[in-house]
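Following: one structure in structure tokens, then a few remarks.
Both backbone and side-chain heavy atoms feed into the values below; hydrogens, waters and symmetry mates do not. Sequential numbering from 1 along the given sequence is applied to the chain's residues.
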Amino acid sequence: RTSSASASSSLAGSADASTRAIVEARSAASRIGHSSGYLREVLAQIEDIAEKTNTLAINTAIEAARAGSSGKGFAVIAQAIRTLAGETKERLSVTGAKIDELEEAVERNGEVVERVAVALDGLIAGSRRSAEVGGLIASGILERRAESEVLIPAGPKIAVTGGLDFNDHRLIWAKLDQVHAKHPDM
């Protein structure tokens, strides 16, 4: 297997793993979105209970005032309940703001995931083109090798280079005879 084919295969494997990771990130973001929606519903219910509790505390304070001195204990309890309802609404407001921040972060993360997905698609396409070009080059090399083997048969080769003895044809033939004696299949 050629190194370019191996590299392309490795890149394709990495691209597949990255694609799976992007799908998982999208799924996690979707689950977070559903959870934050559920949390908003719960917070709305708690806020409704806090408002009803506050209204009940106001009504209790009014009744305690009508009862006069015998209703003073109820008035203290009603004030404590009103304070608790007010604190609950404040905490709900802070919690709602944190959920807003969470949703914004999830949205930004989703945008980043989408940009990564687009970049990954480009890498995958480039990898496929590289693999195709590598295959064409390898095919061309094999064709050239086959063509050159027709011209130069397989087996040992003798190369004659320049030098002082290059023009001495008797010396060249003598060396060729020595090689032939050693390698009769040539």
(message) Any donor-acceptor pair under 3.5 Å linking the side-chain atoms of Arg31 with those of Ser27?
(response) yes
Can you get from [X] to [Y] by hopping between Ile, Leu, Val, Met, Phe, Trp and Tyr side chains that sit under 4.5 Å apart?
X     : Y      : result
Leu84 : Ile46  : no
Ile22 : Val118 : no
Tyr38 : Val106 : no

(request) Taking Thr83 for its side chain and Gln79 for its backbone only, find out whether a donor-acceptor pair lies under 3.5 Å. (result)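 Flag set: sc Thr83 to bb Gln79 pair under 3.5 Å.
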If you compare all heavy atoms of [X] against all heavy atoms of [Y], which two are closest, and at what distance to 0.1 Å?
X      : Y     : value
Ala50  : Ala85 : O-CB, 3.5 Å
Ala64  : Gly71 : CB-O, 3.1 Å
Val113 : Ala25 : CG2-CB, 3.9 Å

Pairwise distance [atom1]([X]) to [atom2]([Y]) - rounded to 0.5 angstrom:
X      : Y      : atom1 : atom2 : result
Asp121 : Thr19  : CG    : OG1   : 7.0 Å
Lys98  : Ser93  : NZ    : OG    : 11.5 Å
Glu143 : Leu136 : CD    : CG    : 9.5 Å
Glu103 : Ser35  : CD    : OG    : 10.5 Å
Phe74  : Ile81  : CZ    : CD1   : 10.5 Å

(request) For Thr60 and Ile77, run side-chain contact (heavy atoms from CB on, under 4.5 Å): C-alpha distance rounded to whole Å, both residues' side-chain angles, the deciding distance at 0.1 Å, then the answer. (result) CA-CA 9 Å; Thr60 302; Ile77 294 171; over 6 Å; no
(request) For the residue pair Thr95 and Leu39, establish whether any side-chain heavy-atom pair is separated by less than 4.5 Å. (result)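 No. Closest side-chain heavy atoms not under 4.5 Å.
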(request) Evaluate the side-chain contact (heavy atoms from CB on, under 4.5 Å) criterion for residues Ile32 and Asn109: first the C-alpha distance (whole Å), next the side-chain angles of each, then the deciding distance (0.1 Å), finally the verdict. (result) CA-CA 12 Å; Ile32 291 171; Asn109 185 55; over 6 Å; no
(request) Any chance you could lay out the side-chain contact (heavy atoms from CB on, under 4.5 Å) test for Arg108 and Val112, step after step, and finish with the verdict? (result) CA-CA 6 Å; Arg108 283 191 308 273; Val112 170; 5.7 Å; no
Cut-off 3.5 Å, no hydrogens considered: what does the side-chain donor-acceptor table look like for residues 51-58, sequence neighbours left out?
residue: Lys52; atom: NZ; partner: Asp48; partner atom: OD2; Å: 3.2
residue: Thr53; atom: OG1; partner: Ile49; partner atom: O; Å: 2.7
residue: Thr55; atom: OG1; partner: Glu51; partner atom: O; Å: 3.0

(message) I'd like to know if Glu63 and Arg66 make a salt bridge, using a cut-off of under 4.0 Å between side-chain N and carboxylate O.
(response)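 Arg66 and Glu63: salt-bridged.
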